[in-house]
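Order of listing sets the numbers, starting from 1, for every ligand and every atom in it. Keep in mind that what you see is a predicted model, and the values were worked out from it rather than measured.
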Amino acid sequence: MAIERTFSMIKPDATKRNLTGAITKMLEDAGLRVVASKRVWMSRREAEGFYAVHKERPFFGELVDTMTSGPTVVQVLEGENAIAKNREIMGATNPAQAAEGTIRKTHALSIGENSVHGSDAPETAKIEIAYWFAETEIVG
Ligand code: CMP
């Protein structure tokens, strides 16, 4: 299976509860390697740009409010089948529907405060990684 890179965010609801290490450990225990990581407090403009695909959705304003409410840890994860593996360990978007043992089942508070984000496909991974990281910041 191919070695892939994917983009991951530990969202403000989780950083505020001091869960950066606990969530990163779950990612590492699943076989993913953190090859880039930084803590950012995103501006409204950055959040609106990152989530532009959702701008017509009714929850967009709330999403931008939530994502700018505190620090986020943005990461690049590398590993075999990293995109699908990360989505598996994250669990369903709505924590009420997430499987036991997933990050969202274990830590998320609600669909809006769902602790993590991960890319859903190779093309979005590429775009999302480039949104936050220069090539020189990714050290495999
Ligand atoms: P994420 O994977 O970051 O992608 C978009 C985010 O919008 C999603 O996780 C949720 O945190 C947030 N969101 C808020 N309300 C909804 C909703 N009703 N349906 C889907 N996503 C929602």
Asker: Output the set of protein residues with a heavy-atom contact under 4.0 Å to ligand 1, ordered first by chain identifier and then by residue number.
Answerer: Lys11, Tyr51, His54, Phe59, Leu63, Thr93, Arg104, Ile111, Gly112, Asn114, His117
Asker: Ignoring hydrogens and angles, tell me if any N or O in the side chain of Trp41 forms a donor-acceptor pair with the backbone of Thr68 under 3.5 Å.
Answerer: yes
Asker: About how many Å separate CG of Leu32 and CG of Asn86, when rounded to the nearest 0.5 Å?
Answerer: 6.0 Å
Asker: Locate the shortest heavy-atom distance separating Phe133 from Val74; write the atom from each residue and the value.
Answerer: CZ-O, 3.4 Å
Asker: Any sub-3.5 Å donor-acceptor pair from Glu113's side-chain atoms to Ser110's backbone N or O?
Answerer: no
Asker: In terms of the angle between their ring planes, are Phe7 and Trp132 parallel, tilted or perpendicular, with boundaries placed at 30° and 60°?
Answerer: parallel
Asker: Does a donor on one side chain and an acceptor on the other come within less than 3.5 Å for Ser69 and Lys16?
Answerer: yes
